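The structure appears below as structure tokens.
None of these values were measured; they are calculated from a predicted model. No hydrogens, no waters, no symmetry mates; every other heavy atom, side chains included, goes into these values.
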Amino acid sequence: MTHVIQGVHCAAATPVTADGAPNLTLFAAHCRALLDEGCHGIAMLGTTGEANSFGIRDRMALMEAAIDHGVPAGTLLPGTSTPAVSDTVDLTRHAVQAGAKGVVLLPPYYYKGVSDEGLFRFYARVIEGVGDERLKVVLYHIPQVTQIPISHDLIDRLMTAFPGIVCAIKDSAGDIDNMKTLCARFPDLAVLAGADPLMLPLLRVGGAGCITATSNLRADALRVIWEGWNDPARAAEIEAAQARIDDWRGLTNAYVQLPTVKTMLARSRNDLGWLNLMPPLVDLTEAEQQSVWTRMARLGA
């Protein structure tokens, strides 16, 4: 596999203080731990990272803090999209100049029903505005949230216009058939699963790995699959790792996913500061928290 961006990437959660400021020290520690636990990289400030609840300065500060606290810049894949081209350019340029592996770019998500032409213009203006050959773009397809799908024709046009820059896609739509089609049509495109259970079947058809929420908690099992998915001698080990991932992914979806992931991190990292969320998200009830923690114990947390 020779994709520029490949492997197990965590859609990292972002710890915040009670008054909504990013907890920079705790975030950096979490990133370092994720790398130790098996992640190849950190896809910070995505959906799980509550990116669009933070201002530009806070988003830059989170990346700088991670690097300052020993996280290699080349492991970072920050989400840098906003609805405004100029803000997206600023965030993206900051990431490139800091040495990030790449950036993850949502389509501009406020206006709905926009054309591929309009989406192409957005991405083109961002890429041209940054104006740096080091830029690597991961398109972010999550239409259930944005209501703006990224079509195959748009991908084709972007890869043709910006070869070597538009090089990957995170597909969080949950449709393995779409991912298989992407792998077949665009062999040079790194297709990354946005759902943990889909990394294994995606690897089997030429996919490049994953960017997932459950890797906040089970990067170890995902790394086992990455290392041994095509080794017949490790079939039983891979099956067991997949079952573990499925169990933990199921628990993250027991309630609203982001508050549940943070509730699980509060227990796994032994720090109740992880329970804090940015509006409009709200924390789980005390009964829900206890239920999650009890089920974690049963899974062998």
Side-chain angles (χ1 to χ4, degrees), residues 5 9 11-14 16 20-22 27 42-64 76-98 100-132 135-159 161-162 165-174 192 194 211 213 256-258 277-282:
I5 296 173
H9 297 82
T14 307
V16 297
F27 177 70
I42 311 297
M44 58 182 291
L45 290 168
T47 304
T48 306
E50 300 172 83
N52 297 301
S53 296
F54 294 104
I56 291 176
R57 284 178 294 180
D58 282 342
R59 291 167 74 164
M60 290 181 177
L62 280 158
M63 184 172 183
E64 291 167 3
L76 297 177
L77 280 174
T80 58
S81 269
T82 76
V85 169
S86 60
D87 289 345
T88 306
V89 168
D90 287 346
L91 283 167
T92 304
R93 182 183 293 119
H94 174 265
V96 172
Q97 291 178 348
K101 179 190 296 191
V103 299
V104 182
L105 289 180
L106 285 166
Y109 44 81
Y110 180 76
Y111 294 108
K112 314 305 180 189
V114 295
S115 65
D116 276 5
E117 176 62 28
L119 296 177
F120 179 84
R121 292 181 188 183
F122 172 83
Y123 283 115
R125 289 187 183 183
V126 170
I127 294 167
E128 291 165 355
V130 173
D132 194 319
L135 173 62
K136 303 298 178 187
V137 169
V138 182
L139 303 172
Y140 190 0
H141 178 63
I142 184 167
Q144 68 271 33
V145 176
T146 62
Q147 300 299 303
I148 303 172
I150 297 176
S151 74
H152 295 191
D153 288 346
L154 175 61
I155 295 168
D156 193 7
R157 187 176 175 189
L158 287 168
M159 291 182 70
F162 304 104
I165 292 179
V166 177
C167 61
I169 186 168
K170 176 186 178 183
D171 190 332
S172 291
L192 302 159
I211 298 176
V256 178
Q257 188 185 52
L258 271 61
L277 292 142
M278 294 292 285
L281 298 176
V282 297

request  = State, to 0.1 Å, how close Val166 and Met159 come at their nearest heavy-atom pair, and which atoms those are.
outcome  = O-CG, 3.7 Å
message = Just verifying a value: how many Å separate Asp153 CG and Asp156 CG, rounded to the nearest 0.5 Å?
response = 6.5 Å
query = Can you name the side-chain hydrogen bond (donor to acceptor under 3.5 Å, both in side chains) partners of Asp87, sequence neighbours left out?
reply = none
ask   = Under a 4.5 Å cut-off applied to non-hydrogen side-chain atoms, are Lys101 and His9 in contact?
value = yes
Just distance, no hydrogens or angles: give the donor-acceptor pairs under 3.5 Å from side chains in residues 116-126, sequence neighbours left out.
residue : atom : partner : partner atom : Å
Asp116  : OD1  : Ser151  : OG           : 3.4
Asp116  : OD2  : Ser151  : OG           : 2.6
Glu117  : OE1  : Arg157  : NH1          : 2.7
Glu117  : OE1  : Arg157  : NH2          : 3.3
Glu117  : OE2  : Arg121  : NE           : 2.8
Glu117  : OE2  : Arg121  : NH2          : 3.4
Tyr123  : OH   : Leu105  : O            : 3.0
Tyr123  : OH   : Leu106  : O            : 3.4

request  = For residues His94 and Glu64, report the shortest heavy-atom separation together with the two atoms involved.
outcome  = NE2-OE2, 2.7 Å
note = The reported gap from CD1 in Ile148 to OH in Tyr111 (rounded to nearest 0.5 angstrom) is 11.0 Å
inquiry  = Using the side-chain hydrogen bond (donor to acceptor under 3.5 Å, both in side chains) criterion, which residues pair with Thr14? Sequence neighbours excluded.
reply    = none
task = Give the minimum heavy-atom separation between Leu77 and Val104, together with the two atoms involved.
result = O-CG2, 3.9 Å
ask   = Rounded to the nearest 0.5 Å, how far does CD1 of Ile169 lie from OH of Tyr140?
value = 11.0 Å
Which pairs would a plain distance check flag for residues 48-55, meaning a side-chain donor or acceptor within less than 3.5 Å of a matching protein atom at least two apart in sequence or in another chain?
residue : atom : partner : partner atom : Å
Glu50   : OE1  : Met278  : N            : 2.9
Glu50   : OE2  : Lys262  : NZ           : 2.6
Asn52   : OD1  : Tyr109  : OH           : 2.8

message = Tell me the closest heavy-atom pair linking Pro108 and Pro83, and the distance in Å.
response = CB-O, 4.3 Å
message = Can you tell me how far apart CG (Asp90) and CZ (Arg57) are? Round to the nearest 0.5 Å.
response = 12.5 Å
message = Less than 4.5 Å apart, side chain to side chain, heavy atoms only: is that true for Pro78 and Leu91?
response = no
request  = Indicate the atoms forming the closest heavy-atom contact of Met63 with Ala100, along with that distance.
outcome  = CE-CB, 3.4 Å
query = Who are the side-chain hydrogen bond (donor to acceptor under 3.5 Å, both in side chains) partners of Thr88, not counting sequence neighbours?
reply = Thr82
ask   = Got a second to check how far Leu135's CG is from Cys167's SG, nearest 0.5 Å?
value = 8.5 Å
query = From Leu258 CG over to Thr47 OG1, what is the distance, rounded to the nearest 0.5 angstrom?
reply = 7.5 Å
key: Non-hydrogen atoms of Ile211 and Lys170 that approach each other most closely   = O-CE, 3.2 Å
Any donor-acceptor pair under 3.5 Å from Lys112 side chain to Thr146 backbone = yes
query = For Gln147, which residues count as a side-chain hydrogen bond (donor to acceptor under 3.5 Å, both in side chains) partner, sequence neighbours excluded?
reply = none
key: Step-by-step side chain to side chain contact (heavy atoms under 4.5 Å, CB included) determination, Asp132 to Arg93   = CA-CA 8 Å; Asp132 194 319; Arg93 182 183 293 119; over 6 Å; no
